[in-house]
Amino acid sequence: MYQQDPNPTGSLFVSALLALLPLVVLLVLLGVFRWKAHWAGLSTLALSLAIAVLGYSMPVGLALNSAAYGAGQSVLVVLWITFNAIWIYNLTVHSGHFAVLRRAFSSISDDPRTQAIVIAFCFGALLEALAGGGGPVAICSVMLIALGVNPLKAATLSLVADTAPVAFGGMGNPITVLSSVTGLSADAYGAMAGRQVSILAVLVPFLLVFIVDGKRGLREAWPVALAAGLSFGSTQFVVSNYISYRLCDIIAAIVSVGAVLVVTRLRRSAPVPVTVGGGGSADEPEQPDSRRDVATAFAPYAIIVAIFSLAQFDAVKALLAKATWVFQWPGLQVANASGKAVSTTYTFNIGGATGTLLLISGLLSLLVLRVSPVKALHIYGRTIRQFGWAILAILSVFALSYVMNLSGQIITLGVWLAGTGAFFAFLSPIVGWFGVTITGTDAGANALFGGLQTTAANQVGASPILFGASNSSGGVMAKMISPQNLAIGTAAVGLVGKEGDLFRRVFGWSLLLLLAMCVLSYLQSTPVLGWMVP
């Protein structure tokens, strides 16, 4: 059995630099050299394998098996979810109801700044709450393009907006995973995360307005941004603390879009022309859409809400869980530094997987949208082909994350950062940011670093609930720069290969929001904001 060594060089600082090298190279290849995500992912994977074998003395076969294990994990966690989410979107396009949906959102306001908030922030949050996995980025990007937004800007807006809801995405899955890893209360983690990302939520709509229309947008559209952010953040705070962290994003998204509706109705000023870069919108119909057409257009998403809500009942969970197979990944035995075996089980929960629930929702939507099974199957094949090289990017980066994790590179980084003492409260969100950059999911980052955050908190005498929540809250800022989500975004808008350009557009926003979360986390570890810790 291979045993991890957090300090293979004898100097923890040097070992940390060695472990950090794959992540730095990945960011440089994407941001500086503008490599395509699949080439950047494969190159960084090769580098990580070399470090694992030469630097951490991991057997070659075991390192390659770790990569295969990681790629296998991405199938249900990302690909299965994304394929089915985009398939449902493509069904609405084929049936003509996506145009109806677009016009319904456009009827709220013809101001592109408001449309960006409603679609990327409010509707995107609802999609994130239900499924996550890149679906909100893909669906919202295409919807914005249909309203005339430049494809690259549409992807940028969708990635930046997909931040505040992520900690509670997939019906609170990141918080649930964090609790299972650390053994501490999920409700406490949910409450603490709600006291962090709810503040972030107030800022995000302002960033979207600025991306669309710069300083003029902030001057003219700030009431809408404030209404959306404040209503979403306050609802997220209340629901996560006093009702259920699993439901907070769903309720917050609905309340937020309602607040935007109220503000846009109260504002009587004429719309200001805004240049968003020709994405080309569909021609408006001569007659308004009927109520039946509008209801049909929203029906697939209503079905998703219903299916995911039903899946929360214990009886339904038990039924879906029957289609679950858990097995030890062949030939992969790893122990941590203390000699305890690292879990290398593969859970094939095809029955209750998020992607499966989306597939069921899509099949039911066929009846409403009146799409034949043969045509639906053809559209599904076209959906998979739509992603092309993005599939390889997702597989390679997941493989990278598991090589870094199982070889001990991730643990090296965590131990090094944990050695900073009380200042770790400031760095705690950065650990989560690293985790999401590598894995592409907040749940993945919590699985990687949840235990480390608890250990660090106990060492410095801080709250493990604060550090664990900070891991999750800091991680959400990396969703926009993770190669998996960049690949999904570019695939959705027809710009596969432009991941480097998209990375350059969102990287600054990622760092800015991360810095804000680091400051908040540090203050919450001191008497200044310590009263916010449950």
In short, Ala85 meets Ile139 closest at the heavy-atom pair O-CD1, 3.7 Å
Which atom names give the shortest non-hydrogen contact between Pro174 and Asn446, and what distance separates them?
O-ND2, 2.9 Å
Working to the nearest 0.5 Å, report the span between CD of Gln409 and CG of Leu23.
11.0 Å
Any donor-acceptor pair under 3.5 Å linking the side chain of Asn150 with the backbone of Lys153?
yes
Heavy-atom side-chain contact between Tyr89 and Val142 under 4.5 Å
yes
Would you please test Asn84 and Thr356 for side chain to side chain contact (heavy atoms under 4.5 Å, CB included) and show each step?
CA-CA 8 Å; Asn84 289 308; Thr356 301; over 6 Å; no
Roughly how far apart are Ser158 OG and Leu144 CG, rounded to 0.5 Å?
5.0 Å
Scan residues 389-404 for pairs that pass side chain to side chain donor-acceptor pair (under 3.5 Å), counting only residues two or more places apart or in two chains.
none
Working to the nearest 0.5 Å, report the span between CG of Leu147 and CZ of Arg103.
11.0 Å
Identify, with sequence neighbours excluded, every residue that meets side-chain hydrogen bond (donor to acceptor under 3.5 Å, both in side chains) alongside Ser510.
Trp433
Rounded to the nearest 0.5 Å, what's the gap from CD1 on Ile117 to CD1 on Ile119? Could you check?
11.0 Å
Nearest heavy-atom pair of Cys248 and Tyr245: which atoms, and what distance?
SG-O, 3.4 Å
What one should report as the nearest heavy-atom pair of Gln236 and Ala201 is OE1-CB, 4.2 Å
Verdict with reasoning, Lys479 to Asp442, per salt bridge (charged side-chain N to carboxylate O under 4.0 Å, His left out):
CA-CA 8 Å; Lys479 284 281 287 187; Asp442 203 37; over 6 Å; no
Do Ile384 and Phe83 touch side chain to side chain, with heavy atoms closer than 4.5 Å?
yes
Hey, are the side chains of Ser95 and Arg370 touching, using non-hydrogen atoms and a 4.5 Å cut-off?
no
Donor-acceptor pair between Gln196 and Ser470 side chains, under 3.5 angstrom:
yes
Between Asp111 and Arg113, is there a donor-acceptor pair closer than 3.5 Å when you use the side chain of the first and the backbone of the second?
yes
Evaluate whether atom CH2 of Trp39 has more than 12 neighbouring non-hydrogen atoms of other residues, nucleotides or ligands under 6.0 angstrom away.
no
Any heavy-atom pair between the side chains of Phe387 and Leu79 that's under 4.5 Å?
no
Could you check if a side-chain atom of Val197 sits within less than 4.5 angstrom of a side-chain atom of Thr163, using non-hydrogen atoms only?
no
Check Leu502, Val137, Val397 against Leu486 for a side chain to side chain contact (heavy atoms under 4.5 Å, CB included) and give me the one that passes.
Leu502
Between Asp293 and Thr296, does any side-chain donor sit less than 3.5 Å from a side-chain acceptor?
no
Could you work out, with side chain to side chain contact (heavy atoms under 4.5 Å, CB included) as the rule, every residue matching Ala299, not counting sequence neighbours?
Val368
So the ring pair (Phe, Tyr, Trp, His ring centres under 6.0 Å) pairs with at least one residue in residues 481-501 (sequence neighbours excluded) are none
Starting from the C-alpha separation in whole Å, work towards a yes-or-no answer on side chain to side chain contact (heavy atoms under 4.5 Å, CB included) for Leu359 and Ile88.
CA-CA 8 Å; Leu359 176 63; Ile88 293 174; over 6 Å; no
Short side-chain donor-acceptor distance under 3.5 Å, Asn173 and Thr176:
no
Begin with the C-alpha distance, continue with both residues' side-chain angles, and end with the deciding distance and a verdict on side chain to side chain contact (heavy atoms under 4.5 Å, CB included) for Trp509 and Met480.
CA-CA 9 Å; Trp509 298 118; Met480 66 181 80; 4.2 Å; yes
Within a strict 4.5 Å, meaning less than it, do heavy atoms of the Met477 and Leu200 side chains meet?
yes
Taking side chain as C-beta onward, heavy atoms only, is Pro205 less than 4.5 Å from Val224?
no
Can you tell me if Asn90 and Tyr380 form a side-chain donor-acceptor pair at under 3.5 Å?
no
From Ser361 OG over to Leu91 CG, what is the distance, rounded to the nearest 0.5 angstrom?
11.5 Å
Distance, nearest 0.5 Å, that separates CG of Leu512 from CG of Leu207:
7.0 Å
Anything under 3.5 Å between a donor and an acceptor, one on a side chain of residues 65-78, the other on a protein residue two or more places apart or in another chain? List them.
residue : atom : partner : partner atom : Å
Asn65   : OD1  : Trp329  : NE1          : 2.8
Asn65   : ND2  : Pro330  : O            : 2.8
Asn65   : ND2  : Gly331  : O            : 3.3
Ser66   : OG   : Leu62   : O            : 2.9
Tyr69   : OH   : Gln73   : NE2          : 3.1
Tyr69   : OH   : Thr345  : N            : 3.4
Tyr69   : OH   : Thr345  : O            : 2.6
Ser74   : OG   : Ala71   : O            : 2.6

Taking C-beta and beyond as the side chain, do Ile350 and Trp80 meet within less than 4.5 Å on heavy atoms?
yes
Pair listing, salt bridge (charged side-chain N to carboxylate O under 4.0 Å, His left out) test, anchored in residues 26-38, at least two apart:
Arg34-Asp501
Does Ser521 use its side chain to pair, donor to acceptor, with the backbone of Met517 at less than 3.5 Å?
no
Could you pull out the closest heavy-atom pair between Pro483 and Ala37, with the gap in Å?
O-CB, 4.3 Å
Evaluate Cys518 against Ile430 for side chain to side chain contact (heavy atoms under 4.5 Å, CB included), listing each step before the verdict.
CA-CA 7 Å; Cys518 288; Ile430 299 178; 3.5 Å; yes
Testing the basics here: between Ala40 and Thr44, what is the closest heavy-atom pair and its distance to 0.1 Å?
O-OG1, 2.7 Å
